Colleague: 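There's a structure below that I have some questions on.
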2 protein chains.
Amino acid sequence: MTMKDIARQLGVSVATVSRALSDSPSISRERREAIQAYAREHNYMPNAIAEQLRHSRNSPVKVIGVIVPEFVHYYFASVLTGIEDEATARGYRIVVARSAESYDRERDICARFMQSKVCGVIVSQAKDTVQYDHFERLQATGVPLVFYDRICPALNASRVVVDDYMGTLKAVSYLIERGCRRIAYYGTDMNMEIAKNRYNGYKDALYKNGLSLDETLVQVCDNRADAERITPRMMRMAERPDGFFAVNDDTALGILNSVQRLHFVVPDEVQICGFTNDWRATSCEPMLTTVEQRGMEVGRQAVDVLIGLVEGSLPADHAEKRVVKTNLIVRGTTR
Amino acid sequence: MTMKDIARQLGVSVATVSRALSDSPSISRERREAIQAYAREHNYMPNAIAEQLRHSRNSPVKVIGVIVPEFVHYYFASVLTGIEDEATARGYRIVVARSAESYDRERDICARFMQSKVCGVIVSQAKDTVQYDHFERLQATGVPLVFYDRICPALNASRVVVDDYMGTLKAVSYLIERGCRRIAYYGTDMNMEIAKNRYNGYKDALYKNGLSLDETLVQVCDNRADAERITPRMMRMAERPDGFFAVNDDTALGILNSVQRLHFVVPDEVQICGFTNDWRATSCEPMLTTVEQRGMEVGRQAVDVLIGLVEGSLPADHAEKRVVKTNLIVRGTTR
DNA sequence: AAATTATGTGCAATCGTTTGCGCATAACAT
DNA sequence: ATGTTATGCGCAAACGATTGCACATAATTT
């Protein structure tokens with residue numbers, strides 16, 4: 001069913017069909033209604049591809065490319081939910097691809113996005129990614145780029161992040177307030193911007209509360225398996241930690257599991273705080289205190305920024321930086 | 001950068017450019033190489049939209065529409081991962097939309113998919129969905145449809161499901177083997193096909209082991225909150241259950257939490273088995289015995305079936321039914 | 001009755017590609 | 001010198017939609 005089919009059947013030109021379907025007043029009422037009726041009955045639907053091609057010169061195609069490192073992580077899934085929600089509400093569609101934390105895939109995805117003429121790209125970098133030629137190429141072509149969470153500091157691009165610094169600062173301050181004096185920090189290596197901010201929040205929380213930084217308590221560790229390897233060593237130190245802050249809940253759960261295996265009582269002897277607030281935070285015993293990362297809100301904001309860039313309410317070369325507030329969710333203080 | 005630009009610069013026709021770029025032998029070597037060099041230097045990329053429009057008559061567009069009820073559930077996220085993986089590997093792209101368990105959104109999504117001429121649709125029904133006009137419309141238009149997990153039995157469509165019956169049967173048999181005699185069943189209402197199969201697996205496991213079915217042990221309950229409401233009542237029964245089977249891990253965790261709150265010891269006094277094997281199954285104490293649902297494999301198979309339908313290796317009206325095997329993952333028998 | 005103005009349609013170009021066909025020019029055989 | 005074949009390239013139509021412009025015909029004004 002194309003306009004041509006309708007035109008042929010009704011003995012008019014496709015131009016007339018086009019105008020009739022868009023309620024143009026320059027078509028007589030009878031014809032217009034006849035055409036509309038025919039179209040409805042044979043449930044005609046405009047071919048989106050043709051429309052896109054036609055409009056691609058003036059107005060950009062309302063499709064947003066989204067790159068996500070993995071689907072199966074709660075945080076990314078919730079960001080995706082926020083993106084989908086906001087985009088749909090504002091009349092955009094999304095095409096989603098997964099980098100699987102690989103630079104090569106990320107690169108391919110960007111190329112495909114350029115070819116399919118997405119109006120903009122929302123992305124959280126793969127862990128692998130240390131060169132940015134693919135992102136730069138997008139920018140050079142004039143495709144607006146919005147990073148979320150794992151931003152690319154080397155690029156002058158828009159970004160939506162959570163308040164890593166304050167989130168961590170509040171969390172660590174809370175541990176101190178609850179009596180911890182030797183708080184361990186488990187984080188990713190300091191390459192990613194996000195890592196530095198959280199680490200600074202940790203340090204400042206210590207300083208503000210008159211505690212000093214002990215390098216032996218700072219570990220590069222961002223997953224459960226590593227946490228379960230490292231934690232027993234930590235707990236056997238002469239002066240063992242009495243509190244742990246981890247940059248994500250997976251790691252925090254590894255710590256929890258390890259210390260419980262060593263028969264320490266949480267939270268009486270050891271207190272633990274994570275980051276994200278994923279499903280697991282309420283399924284362990286005791287439940288996990290954690291910093292809520294509000295992925296949905298991050299996703300929504302990212303779309304808002306992108307559409308601003310696309311529709312020109314933000315200047316094209318402007319790099320908007322938005323910060324989404326975090327909340328500390330306190331749990332498991334009593335059974 | 002379009003072919004026209006290249007053609008103008010090099011003083012040839014676009015047809016020549018097109019042929020040169022596709023390595024047609026009908027273009028002289030020098031011209032071909034000159035054109036290719038020029039294209040490479042100015043990094044020309046073919047406009048995918050135009051290509052799609054051109055090819056839409058003969059060969060269908062290599063884009064698969066995917067509908068997922070929610071992103072933030074482990075199982076759906078893993079199916080999505082499998083879909084993305086297989087589709088990408090076979091040269092297809094995916095456009096993903098989330099129904100948010102709503103029929104209205106599902107309907108809109110299908111309409112958009114039709115307009116954007118996806119070559120096929122992979123979908124797991126929203127819980128809301130009780131009429132199928134939108135799916136029928138897709139079928140009528142000749143768009144292949146593959147259901148996963150939550151299939152639509154009323155439609156003669158392809159489907160990929162896990163082995164719900166055997167998975168449940170093995171799980172319940174295992175509970176019996178471990179000494180349980182009064183096993184409660186928490187499942188969704190019997191509307192969905194998947195619910196019936198699991199329930200049958202439960203019943204048959206009882207019968208095969210000489211146990212009788214006690215209706216009071218069968219509950220409509222498929223989420224944590226409900227499980228935490230219902231379970232205390234169950235445990236106060238004169239003859240309380242000594243085992244629980246739940247149709248998903250969320251529910252199983254609700255049961256676990258409830259019985260532990262009542263100071264029953266798991267697994268000594270009560271044994272629990274879930275379904276899915278999501279992240280949480282290893283973050284509770286004791287860890288959860290559960291049926292592994294293998295979402296990635298389901299996703300891959302769904303794509304395989306769909307591409308078969310699209311490319312004609314399967315007859316278009318054929319309804320392929322695939323079953324992915326489940327595994328019982330035993331955990332938490334000892335600390 | 002002639003000139004003007006509405007009113008309703010169709011023609012054709014356009015978006016960026018692909019591709020069947022035809023037209024040159026050159027090389028070969030007769 | 002004429003006919004045949006090969007080689008290299010361009011024209012134009014097609015995919016499905018939109019839209020400025022021209023052109024009818026009818027209704028109005030002068």
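Just so it is clear, the structure is predicted and the values come from calculations on it, not from any experiment. So you know, we letter chains A, B, ... as the sequences are listed, proteins then strands, and number each from 1.
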Colleague: Could you please name the option among D:dT19, D:dG10, C:dT9 that lies closest to any side-chain atom of A:Ala15?
Modeller: D:dT19
Colleague: Of all the choices, C:dT19, C:dG16, D:dC9, which nucleotide is nearest to the side chain of B:Arg31 once you look at every atom?
Modeller: D:dC9
Colleague: Would you tell me if any nitrogen or oxygen in the side chain of A:Ser18 comes within less than 4.0 Å of OP1 or OP2 on D:dT18?
Modeller: yes
Colleague: Could you state the NE2-P distance from A:His55 to D:dA17, rounded to the nearest angstrom?
Modeller: 11 Å
Colleague: What is the nucleic acid contact for A:Ser26, judged by heavy atoms within less than 4.0 Å: base, sugar-phosphate only, or nothing?
Modeller: base
Colleague: Using the side-chain heavy atoms of B:Arg54, tell me which of these nucleotides is nearest: D:dC11, D:dT18, C:dT18.
Modeller: C:dT18
Colleague: Does a salt bridge link B:Glu101 with B:Arg150, judged by any charged N lying under 4.0 Å from a carboxylate O?
Modeller: yes
Colleague: Tell me what B:Ile27 touches on the nucleic acid: a base, only sugar-phosphate, or nothing, going by heavy atoms under 4.0 Å.
Modeller: sugar-phosphate
Colleague: Side-chain N or O of A:Lys4 versus OP1/OP2 of D:dC15: is the shortest distance under 4.0 Å?
Modeller: yes
Colleague: Considering every strand and a 4.0 Å limit on heavy-atom distances, what is the contact class for A:Ser28: base, sugar-phosphate, or nothing?
Modeller: sugar-phosphate
Colleague: Mark yes or no for a side-chain to base donor-acceptor pair under 3.5 Å between B:Arg57 and D:dA14, with no hydrogen or angle criteria applied.
Modeller: no
Colleague: Can B:Tyr74 and A:Tyr74 be said to form a ring pair (Phe, Tyr, Trp, His ring centres under 6.0 Å), step by step?
Modeller: CA-CA 8 Å; B:Tyr74 178 88; A:Tyr74 179 87; over 10 Å; no
Colleague: Return the 5'-most residue of the pair A:Thr16, B:Arg32 with respect to DNA chain D, ranking by each residue's nearest nucleotide.
Modeller: B:Arg32
Colleague: Nearest whole angstrom, please: distance from the P of C:dT18 to the CD1 of B:Ile49.
Modeller: 14 Å
Colleague: From C-beta outward on A:Ser13, which listed nucleotide comes closest to its side chain: C:dG16, D:dG16, C:dC11?
Modeller: C:dC11
Colleague: Please determine whether a side-chain nitrogen of the Lys or Arg among A:Asp85 and A:Arg90 lies less than 4.0 Å from a carboxylate oxygen of the Asp or Glu.
Modeller: no
Colleague: How is B:Met45 classified with respect to the nucleic acid when contacts are heavy atoms under 4.0 Å: base, sugar-phosphate, or nothing?
Modeller: sugar-phosphate
Colleague: Output yes when B:Arg8 and B:Asp5 qualify as a salt bridge under the 4.0 Å nitrogen-oxygen rule, no when they do not.
Modeller: yes
Colleague: Taking donor-acceptor contacts at under 3.5 Å, does the side chain of A:Arg19 reach the base of C:dG10?
Modeller: yes
Colleague: Starting the side chain at C-beta, find the nucleotide from D:dT18, C:dT18, C:dT9 nearest to B:Glu51.
Modeller: C:dT18
Colleague: What's the closest nucleotide to the A:Met3 side chain, out of C:dT17, C:dC15, D:dT18?
Modeller: D:dT18
Colleague: Step through it carefully: locate the ring centre of A:Phe71, locate the ring centre of B:Phe76, and say whether they are under 6.0 Å apart.
Modeller: no
Colleague: Assuming nearest nucleotide by heavy-atom distance, tell me which of A:Met1 and B:Val14 is located more 5' along DNA chain D.
Modeller: B:Val14
